[in-house]
Amino acid sequence: MKENIAENTINLMARTKPEKHIKYKKSVEGINRLTKEKKKKEKDYEYYLCDYCHDEIRILDNQKNVDGNVIALGGIVDLPQSLTRTDKKIKLALCNKCLRPVVQQFTDKNMLEDNENHIPRID
């Protein structure tokens with residue numbers, strides 16, 4: 001389910017930054033009813049949800065592959081005011097595959113607005 005980011009700019013400007021989510025390891029043991037002890041949840045990893053495709057973007061400390069190159073599956077992107085044509089920057093959590101379509105949405109929207117402003121109207 002792809003979302004139209006360009007039409008949802010007001011909601012995205014209202015938030016300060018994308019929300020971090022936590023994925024916990026699955027535990028086999030549950031609550032022991034006799035002693036009422038709960039096993040602590042162990043954090044597996046933190047992640048963002050992509051604002052465009054809603055996939056998980058893992059936040060990992062060691063993002064390197066075998067060659068030593070950095071592997072980044074996505075992250076937080078600051079879209080500039082010149083692209084969004086708003087009062088402030090918009091922070092989005094985006095996958096690498098979703099960056100180009102989101103930028104294309106804003107450029108298409110800006111081109112349409114520019115053409116509407118330059119075409120003389122006969123009403």
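- Here the OH-NZ distance, from Y24 to K43, works out to 8.0 Å after rounding to the nearest 0.5 Å.
- The side-chain hydrogen bond (donor to acceptor under 3.5 Å, both in side chains) search around T107 returns none, not counting sequence neighbours.
- The side-chain hydrogen bond (donor to acceptor under 3.5 Å, both in side chains) check on K88 picks up nothing, with sequence neighbours excluded.
- What you find for Y52 and Q105 is that their closest heavy atoms are CE1-NE2, 3.3 Å.
- K20 is linked by a salt bridge (Lys or Arg N to Asp or Glu O under 4.0 Å) to E46, counting only residues two or more places apart in sequence or in another chain.
- The structure places CG of L92 at 5.5 Å from CG of L12, a figure rounded to the nearest 0.5 Å.
- With values rounded to the nearest 0.5 angstrom, Y45 atom OH is found 12.0 Å from I22 atom CD1.
- With a 4.5 Å cut-off on side-chain heavy atoms, D51 and V102 do not count as touching.
- By the salt bridge (Lys or Arg N to Asp or Glu O under 4.0 Å) test, K23 pairs with E56, sequence neighbours left out.
- A search for side-chain hydrogen bond (donor to acceptor under 3.5 Å, both in side chains) contacts involving K97 returns D55, not counting sequence neighbours.
- By the side-chain hydrogen bond (donor to acceptor under 3.5 Å, both in side chains) test, D87 is found to be paired with no residue, residues two or more places apart in sequence or in another chain being considered.
- Residue pairs satisfying the salt bridge (Lys or Arg N to Asp or Glu O under 4.0 Å) criterion with at least one member in residues 74-84, sequence neighbours excluded, are absent.
- Take P80 and apply the side-chain contact (heavy atoms from CB on, under 4.5 Å) test, not counting sequence neighbours, and it matches S82, L83.
- To the nearest 0.5 angstrom, L94 atom CG is 13.5 Å from R100 atom CZ.
- Among all heavy-atom pairs drawn from E19 and Y48, the shortest one is O-CD2, 3.5 Å.
- Checked by atom type and distance alone, the side chain of R15 pairs as donor or acceptor with a backbone atom of K91 at under 3.5 Å.
- The minimum heavy-atom distance linking L49 with A93 is given by the pair O-CB, 3.7 Å.
- Here the shortest heavy-atom pairing between C95 and C53 reads SG-SG, 3.7 Å.
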